[in-house]
> 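Got a structure for you, questions after.
In what follows, residues are counted from 1 in the order of the sequence shown. The figures here come from the full heavy-atom set of this structure, side chains too, leaving out hydrogens, waters and symmetry mates.
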Amino acid sequence: MDARDTDQTSPGRDLDEETIADAVDVLEDLAGWMLAEARWERVRSIIDRLSRALGARDAEAFQAAVADLELSGPVRALRIGTAETYGIPEPVLDRRNTMLNELRADAKPAGSDAQGQSGKEGGGGGKRTS
């Protein structure tokens, strides 16, 4: 069998359980992040990329989006004069919850009981200045 005989409907290889678990972990963690507004916008954009990659079953794009999301988290040291940081904005929280539900549904075998966090846990909106 050569490369032309592979499934052409799915770009890259299929998503594996470990990759999906990594995405779930970082999405759960981000509910507690405190970021500047511009960084939250970047997080929202990455979650959108993650969703598109999941829908396309594009493992390469999905893994790249997970890595970008992991790197978008808060940093320990902030520069003097850094913008105010906030908890997760409502639109990002909603998008994150939708993505978590999609990932959990994708990871479950058919007929399994849905158990997990799907509410608005960890909702932010709080404000902190640095």
Side-chain angles (χ1 to χ4, degrees):
M1 175 163 102
D2 66 28
R4 290 170 295 179
D5 295 329
T6 60
D7 181 10
Q8 298 298 315
T9 62
S10 177
R13 64 187 196 294
D14 200 21
L15 303 173
D16 58 45
E17 290 179 24
E18 183 179 354
T19 303
I20 291 174
D22 288 346
V24 168
D25 287 345
V26 73
L27 286 166
E28 287 175 342
D29 289 348
L30 74 82
W33 291 357
M34 298 293 288
L35 301 174
E37 188 175 341
R39 291 190 65 195
W40 278 121
E41 189 56 36
R42 175 170 164 66
V43 166
R44 185 206 51 78
S45 174
I46 295 169
I47 294 171
D48 288 344
R49 283 181 32 220
L50 200 61
S51 181
R52 287 191 303 274
L54 179 65
R57 308 300 297 171
D58 185 340
E60 240 178 80
F62 189 86
Q63 288 171 340
V66 170
D68 287 347
L69 194 56
E70 288 171 337
L71 294 173
S72 295
V75 292
R76 291 183 185 257
L78 298 174
R79 288 187 222 150
I80 295 174
T82 301
E84 293 181 35
T85 59
Y86 301 87
I88 188 169
E90 197 70 27
V92 178
L93 178 64
D94 290 343
R95 189 68 194 105
R96 170 238 182 213
N97 289 341
T98 300
M99 190 71 234
L100 278 171
N101 289 334
E102 290 174 12
L103 288 170
R104 289 180 176 135
D106 191 73
K108 287 188 189 316
S112 68
D113 183 58
Q115 185 176 15
Q117 306 162 356
S118 61
K120 292 187 176 190
E121 82 271 353
K127 178 169 124 179
R128 184 187 316 169
T129 57
S130 302

> Might you point out which heavy atoms bring Tyr86 and Trp40 nearest each other, and give the distance in Å?
O-NE1, 2.8 Å
> Calculate, to the nearest 0.5 Å, the distance between atoms CD1 and CG belonging to Ile88 and Leu93 respectively.
4.5 Å
> Report the residues that fulfil side-chain contact (heavy atoms from CB on, under 4.5 Å) with Val26, sequence neighbours left out, ordered by chain and then residue number.
Trp33, Leu69, Glu70
> Which atom pair, heavy atoms only, marks the closest approach of Leu100 to Leu27?
CD2-CB, 3.7 Å
> Just to verify, what does Arg44 make a side-chain contact (heavy atoms from CB on, under 4.5 Å) with, not counting sequence neighbours?
Glu41, Asp48, Val92
> Provide the closest heavy-atom pair for Val43 versus Ser72 in the form atom of the first, atom of the second, distance.
CG2-CB, 4.0 Å
> So which heavy atom on Leu50 is nearest to which on Ala23, and how close?
CD2-CB, 4.5 Å
> Does any donor atom in the side chain of Arg39 or Thr85 lie under 3.5 Å from an acceptor atom in the other side chain?
no
> Considering non-hydrogen atoms only, spot the tightest contact between Phe62 and Thr19 and give its length.
CD2-CG2, 3.4 Å
> Under the rule for side-chain contact (heavy atoms from CB on, under 4.5 Å), what residues qualify as partners of Ser45, not counting sequence neighbours?
none
> Evaluate the side-chain proximity of Met99 to Ser51: yes if any heavy-atom separation is below 4.5 Å, no if none is.
yes
> Atom CD1 in Ile47, atom CG in Asp68: separation rounded to 0.5 Å?
12.5 Å
> Tell me whether Thr98 contacts the main-chain N or O of Asp94 through its side chain, where contact means a donor paired with an acceptor under 3.5 Å.
yes
> Donor-acceptor check, side chain of Arg49 to backbone of Ala61, threshold 3.5 angstrom: yes or no?
no
> Indicate the atoms forming the closest heavy-atom contact of Glu28 with Arg96, along with that distance.
CA-NH2, 3.6 Å
